[in-house]
Asker: 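Structure provided below as structure tokens; questions to follow.
Ligands are counted one by one from 1 in listed order, and the atoms in each one are counted from 1 as well. Every heavy atom of this structure was used, including side-chain atoms; hydrogens, water molecules and symmetry mates were not.
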Amino acid sequence: MLTLAEKILFILLAAGSLYYAYTGFRRVYLAIRRGRPEERFDRLPERVGRALWLVLTQQTVFKRRPLVSLLHAFVFYGFVYYLLVNLVDFLEGFFGLHARGGIWNAYNIVADLLTFLILVGILGLMLRRYLLAPRDFTWNPNVPLHEKAQAGIARDSAIVGAFITFHVGSRLLSKAFQLAGEGPDPFQPVASALAGALSGLSPALLTFGEHFFWWGALGSILLFLPYFPRSKHIHLFMAPINLAFRKEVPGALTPLDFEKEEEKFGAEKLEDLSWKRLLDAYACIMCNRCQEACPAYTTGKALSPAAILISERYELNEILPRFAQGEESPRPLMDFALNEEALWACTTCLACVEVCPVGNEQMLHILDVRRAKVLMEGSFPQELNNAFRGMERSGNPWGIGQDKRLDWAEGLNVPTVEEKPHPEVLYWVGCAPSYDPRAQKIARSMVEILNASGVDWAVLGRREKCTGDAARRAGNEYLFFQLATENVETLNEVAPKTIVTTCPHCFHTLKNEYKDFGGHYRVVHHTEFIAELLRKGKIRVEEETRKVVFHDPCYLGRHNGVYEAPREVLKGVGFALTEPPRSRERSFCCGAGGAQFWKEEEPGAMRVSENRYKELKGTGAEVIATGCPFCMAMMNVEVAQDEKPLEVLDIAELVARGLKA
Ligand code: SF4
Ligand code: SF4
């Protein structure tokens with residue numbers, strides 16, 4: 001038990017520590033509240049339950065880097081238990097509680113073993129960071145990063161590593177000194193083993209050691225608490241909150257309210273971001289997993305999703321007291337978190353969001369800045385001008401006349417809504433299959449399948465317009481708003497039971513984003529639709545046996561979780577399906593999304609499509625199967641440069657080729 005003087009000292013230190021910690025945490029809270037409003041409070045109990053489940057199972061952490069995740073799990077579970085351990089140690093020190101024997105045996109064995117595992121975990125993590133120094137903690141030299149970040153992260157990690165080692169190590173030694181005086185405890189094997197080495201010390205020294213390390217264990221918490229708000233280790237609190245408030249469909253963007261006068265659209269500065277984005281910056285553990293998954297970063301572009309959030313956090317640390325009080329932040333995000341190359345390199349593939357262990361939505365930070373650039377400054381890559389103009393004037397980014405929208409169907413039996421005003425199934429063709437000569441073959445194949453299936457179907461024909469996906473991802477929300485409003489009006493009039501799309505971008509937009517404009521539809525991707533036709537025996541297909549690799553399109557897989565249907569179709573037809581190293585939720589982007597298709601790729605070490613094509617070819621497959629006309633176009637860029645190219649076919653084409661009468 002502590003002496004009276006020690007108790008008084010502890011209480012004084014605790015009061016000071018709690019005061020400074022409170023001040024720091026309050027500032028962080030006020031800073032996050034500076035963010036713009038965003039509705040994330042629906043289904044709160046469900047959100048909280050899910051976040052608790054994710055945190056306690058550590059499943060978002062274990063998605064990648066299994067060994068590091070295991071070491072982290074030792075520290076995490078250890079610290080969860082240490083909430084109790086610290087309380088018991090406090091009661092021992094202050095009130096003379098003697099936590100030994102009887103029911104305490106169970107408590108002690110867990111505490112002792114977890115103490116050991118925490119030390120293994122933290123020393124392993126420190127060894128990895130400082131001695132093995134993997135590339136995970138570095139950035140390409142062209143990546144914009146806050147000037148304080150690199151040194152700051154190294155220092156912060158060292159402080160936290162030292163704190164955990166000292167805190168837990170002190171607790172272990174305190175117990176060892178105690179057991180050296182009292183005799184070993186089979187329920188504290190690690191502390192007892194250390195106690196053996198101390199048994200020759202005098203009782204006075206043993207008491208001193210026990211007190212000294214008690215202070216090391218609990219006093220270090222008092223020292224560390226005020227540091228929390230500055231450290232990335234605030235993620236201990238912020239990550240669970242962030243996971244609770246994350247978006248169900250992160251790629252479904254929130255519309256802007258153009259009715260509001262003098263509104264500033266998009267994000268130019270920190271305070272223009274929503275509160276959830278500011279929370280993201282505080283939840284970031286700076287692990288760079290998102291950077292590792294990012295196709296832009298991987299191919300040498302200036303974009304690192306991790307660097308954006310880290311830079312935001314370091315800027316917040318710099319300006320926190322004034323920012324929390326409501327002062328305007330001193331510089332735009334483009335000055336410290338992004339640059340033009342990074343901003344326009346994002347393919348909106350969602351890999352960063354999918355891999356982030358703390359539920360961050362990095363992609364949305366980028367899109368907010370794009371919105372500000374396009375809507376407030378009219379600044380964007382010039383090549384996008386043609387696509388914007390085409391969508392505006394002709395209803396498609398190719399800029400080809402609306403009267404030619406049905407030319408692809410020449411010679412085919414394609415009913416339109418003029419003939420069938422309310423079809424059961426509406427085939428939403430999309431701009432690429434309507435105008436791009438290669439993609440038109442997908443639409444023609446789809447028509448063969450639809451006609452063979454006997455379902456009641458039609459197309460909108462000349463009434464169909466671009467969904468506006470590319471405009472929206474490029475930040476041109478106003479253009480998207482116009483197209484979405486028009487399309488929703490048409491679709492609501494036709495009111496089909498099901499909409500089938502051959503483009504995952506149309507699929508995503510119609511299914512997840514038109515809701516905000518009054519369009520609530522059952523939308524299925526054509527691979528889902530074909531899988532159902534095969535299952536129900538509505539179409540029959542000749543067996544194929546070639547080796548096929550399927551490329552998961554980002555907007556089908558990661559954005560919408562459709563992984564099985566395309567595989568079911570390919571296997572159902574008899575193809576020998578092989579998987580690339582990065583498939584399903586880990587699939588690597590083709591490079592077309594996020595309006596990249598309509599502009600030059602940013603400078604880097606290689607094209608995104610090149611990286612992906614090589615991987616797919618490396619599987620030894622004869623055919624690349626796709627479910628997206630844009631993925632197909634990107635793969636065909638590579639095919640054109642390959643001496644021994646693979647055949648690239650859409651699943652609709654593969655099925656239509658073998659249709660039996
Ligand atoms: S959405 Fe894809 S391209 Fe964009 S930052 Fe995230 S991982 Fe990189
Ligand atoms: S945003 Fe997420 S994945 Fe990226 S560095 Fe931060 S915690 Fe890691």
Side-chain angles (χ1 to χ4, degrees), residues 54 60-65 68-69 72 136-140 143-146 149 153 156-157 232-236 238-240 242-243 246 250-251 253 276-314 337-338 341-370 473-475 508 553-555 557-559 582 585-597 601-602 604 607-609 611-612:
L54 291 176
T60 54
V61 180
F62 272 99
K63 274 184 179 174
R64 303 281 199 282
R65 301 183 187 168
V68 174
S69 303
H72 179 270
D136 305 352
F137 302 122
T138 59
W139 291 267
N140 289 341
V143 169
L145 182 69
H146 194 282
I153 293 172
D156 189 25
S157 301
K232 65 177 176 165
H233 288 267
I234 198 174
H235 82 275
L236 249 72
M238 298 306 187
N242 207 41
L243 283 165
R246 78 178 180 180
L253 306 189
K276 172 62 174 67
R277 313 263 196 282
L278 296 176
L279 180 63
D280 282 351
Y282 279 103
C284 179
I285 180 63
M286 305 182 189
C287 62
N288 285 4
R289 290 180 187 213
C290 54
Q291 171 176 289
E292 199 176 279
C294 175
Y297 183 85
T298 312
T299 54
K301 315 295 188 300
L303 170 62
S304 155
I308 298 170
L309 269 73
I310 291 169
S311 299
E312 287 172 2
R313 175 65 198 282
Y314 271 86
L338 279 156
E341 270 182 43
L343 178 67
W344 295 104
C346 176
T347 66
T348 67
C349 72
L350 206 73
C352 49
V353 179
E354 192 278 330
V355 78
C356 180
V358 298
N360 281 344
E361 295 159 352
Q362 306 88 320
M363 183 186 80
L364 302 182
H365 294 235
I366 299 167
L367 295 185
D368 278 349
V369 179
R370 282 189 184 178
R473 313 301 144 194
H508 174 74
C554 304
Y555 275 79
R558 265 190 300 273
H559 279 273
R582 294 171 294 186
E585 62 275 3
R586 292 188 189 201
S587 175
F588 194 76
C589 181
C590 72
Q596 296 299 323
F597 189 79
E601 196 163 326
E602 314 304 322
R607 290 181 301 279
V608 174
S609 53
N611 185 305
R612 182 55 166 170

Asker: Evaluate the criterion side chain to side chain donor-acceptor pair (under 3.5 Å) for residue pair Trp344 and Glu602; output intermediate values, then yes/no.
Answerer: CA-CA 7 Å; Trp344 295 104; Glu602 314 304 322; over 6 Å; no
Asker: Contact between Ala293 and ligand 1, counting heavy atoms under 4.0 Å?
Answerer: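 It does not, in that no heavy atom of Ala293 comes within the 4.0 Å cut-off of ligand 1.
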Asker: Can an N, O or S atom be found in Cys287 less than 2.8 Å away from atom 8 (Fe) of ligand 2?
Answerer: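 Coordinating: yes.
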Asker: Check whether Ser69 reaches the backbone of Val61 with its side chain - one donor and one acceptor, N or O, closer than 3.5 Å.
Answerer: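 Confirmed, Ser69 side chain pairs with Val61 backbone.
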Asker: For Glu354, run the salt bridge (Lys or Arg N to Asp or Glu O under 4.0 Å) check against Arg558, Arg289, Lys63 and tell me which one passes.
Answerer: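 Per the salt bridge (Lys or Arg N to Asp or Glu O under 4.0 Å) rule, the option paired with Glu354 is Lys63, out of Arg558, Arg289, Lys63.
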Asker: Starting from atom 3 (S) of ligand 1, find the nearest protein heavy-atom neighbour and note its residue, name and distance.
Answerer: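 Among all protein heavy atoms, the one nearest atom 3 (S) of ligand 1 is Thr347 N, 3.3 Å.
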Asker: Out of all atoms in ligand 2, which are within 4.0 Å of some heavy atom of Cys356? Include the element for each.
Answerer: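 Counting from 1, the qualifying ligand atoms are 1 (S), 2 (Fe), 3 (S), 7 (S).
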Asker: Can you tell me which residue and heavy atom of the protein come closest to atom 4 (Fe) of ligand 2, and the distance to 0.1 Å?
Answerer: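 So the nearest neighbour among protein heavy atoms is Cys290 SG, 2.3 Å.
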Asker: Counting each atom of ligand 2 from 1 as listed, which ones have a heavy atom of Ala306 under 4.0 Å away?
Answerer: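 Counting atoms of ligand 2 from 1, those under 4.0 Å from Ala306 are 5 (S).
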Asker: Considering non-hydrogen atoms of the protein only, which is the closest contact for atom 8 (Fe) of ligand 1, and what is the distance?
Answerer: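 Atom 8 (Fe) of ligand 1 sits closest to the protein heavy atom Cys294 SG, 2.4 Å.
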Asker: At their closest point, which heavy atom of Val143 faces which heavy atom of Tyr297, and how far apart are they?
Answerer: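 It is CG2-CE1, 3.7 Å.
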Asker: When you check the gap from the basic side-chain N to the acidic O, do Arg65 and Glu292 get nearer than 4.0 Å?
Answerer: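 Counted as a salt bridge, because a side-chain N and a carboxylate O are separated by less than 4.0 Å.
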Asker: For ligand 2, is Val355 a contact, meaning one of its heavy atoms is under 4.0 Å away?
Answerer: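 The answer is no: ligand 2 sits nowhere under 4.0 Å from a heavy atom of Val355.
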Asker: Contact between Pro305 and ligand 2, counting heavy atoms under 4.0 Å?
Answerer: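 In this structure, Pro305 fails to qualify as a contact of ligand 2 - no heavy atom is under 4.0 Å.
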Asker: Between Leu350 and ligand 1, find which residue part has any heavy-atom pair under 4.0 Å and reply side chain, backbone, both or neither.
Answerer: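 Contact part for Leu350 vs ligand 1: backbone (N, CA, C, O).
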Asker: Short list, please: which atoms of ligand 1 are under 4.0 Å from a heavy atom of Thr348?
Answerer: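 Answer, ordered by atom number: 1 (S), 4 (Fe).
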Asker: Can you sort out which atoms of ligand 1 are near Met363, meaning under 4.0 Å from one of its heavy atoms?
Answerer: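 Close to Met363: 1 (S).
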Asker: Among all protein heavy atoms, pick the one closest to atom 1 (S) of ligand 2 and tell me residue, atom and distance.
Answerer: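 Checked against all protein heavy atoms, atom 1 (S) of ligand 2 sits closest to Gln362 NE2, 3.2 Å.
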Asker: Which of the atoms in ligand 1, numbered in the order shown and given with their element, are less than 4.0 Å from a heavy-atom of Ile366?
Answerer: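 Every atom of ligand 1 under 4.0 Å from some heavy atom of Ile366: 5 (S).
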Asker: Which distance, rounded to the nearest 0.5 Å, do you find between the OH of Tyr314 and the CG of Leu145?
Answerer: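 The distance works out to 9.5 Å.
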Asker: So which protein heavy atom does atom 6 (Fe) of ligand 1 come closest to, and at what separation?
Answerer: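 So the nearest neighbour among protein heavy atoms is Cys352 SG, 2.3 Å.
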Asker: Could you tell me which atoms of ligand 2, counted from 1 in the order shown, lie closer than 4.0 angstrom to a heavy atom of Val358?
Answerer: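 Once the distances to Val358 are compared, the set is 7 (S).
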Asker: Would you mind running through ligand 2 and noting each atom that sits below 4.0 Å from a heavy atom of Cys284?
Answerer: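 In order of number, 1 (S), 5 (S), 6 (Fe), 7 (S).
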Asker: CD of Gln362 to SG of Cys346: how many Å apart, nearest 0.5 Å?
Answerer: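 Answer rounded to 0.5 Å: 10.0 Å.
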Asker: List the steps, then state whether side chain to side chain donor-acceptor pair (under 3.5 Å) holds for Thr347 with Arg473.
Answerer: CA-CA 9 Å; Thr347 66; Arg473 313 301 144 194; over 6 Å; no
Asker: Is there an N/O/S atom in Cys346 that lies less than 2.8 Å from atom 8 (Fe) of ligand 1?
Answerer: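 Here the distance criterion (N, O or S atom, under 2.8 Å) is not met by Cys346, so no.
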Asker: How close do Ser311 and Ala337 get, heavy atom to heavy atom, and via which atoms?
Answerer: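 Heavy atoms of Ser311 and Ala337 come nearest at CB-CA, 3.7 Å.
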Asker: Out of the candidates Val355, Ile285, Leu309, Val353, only one should pair with Asn360 under the side-chain contact (heavy atoms from CB on, under 4.5 Å) rule; please name it.
Answerer: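 When side-chain contact (heavy atoms from CB on, under 4.5 Å) is applied between Asn360 and each of Val355, Ile285, Leu309, Val353, only Leu309 qualifies.
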Asker: Can you find a heavy atom in the side chain of Val369 that is under 4.5 Å from one in the side chain of Ile308?
Answerer: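 Counting from C-beta outward, Val369 and Ile308 never come under 4.5 Å.
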Asker: Does any N or O in the side chain of His508 come within less than 3.5 Å of the main-chain N or O of Gly251, such that one atom is a donor and the other an acceptor?
Answerer: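 Yes; at least one donor-acceptor contact below 3.5 Å.
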Asker: Distance under 4.0 Å to a non-hydrogen atom of Asn288: what atoms of ligand 2 satisfy this?
Answerer: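 Result: 5 (S), 8 (Fe).
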Asker: Got the closest protein heavy atom to atom 2 (Fe) of ligand 1, with its distance?
Answerer: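 The closest one turns out to be Cys349 SG, 2.4 Å.
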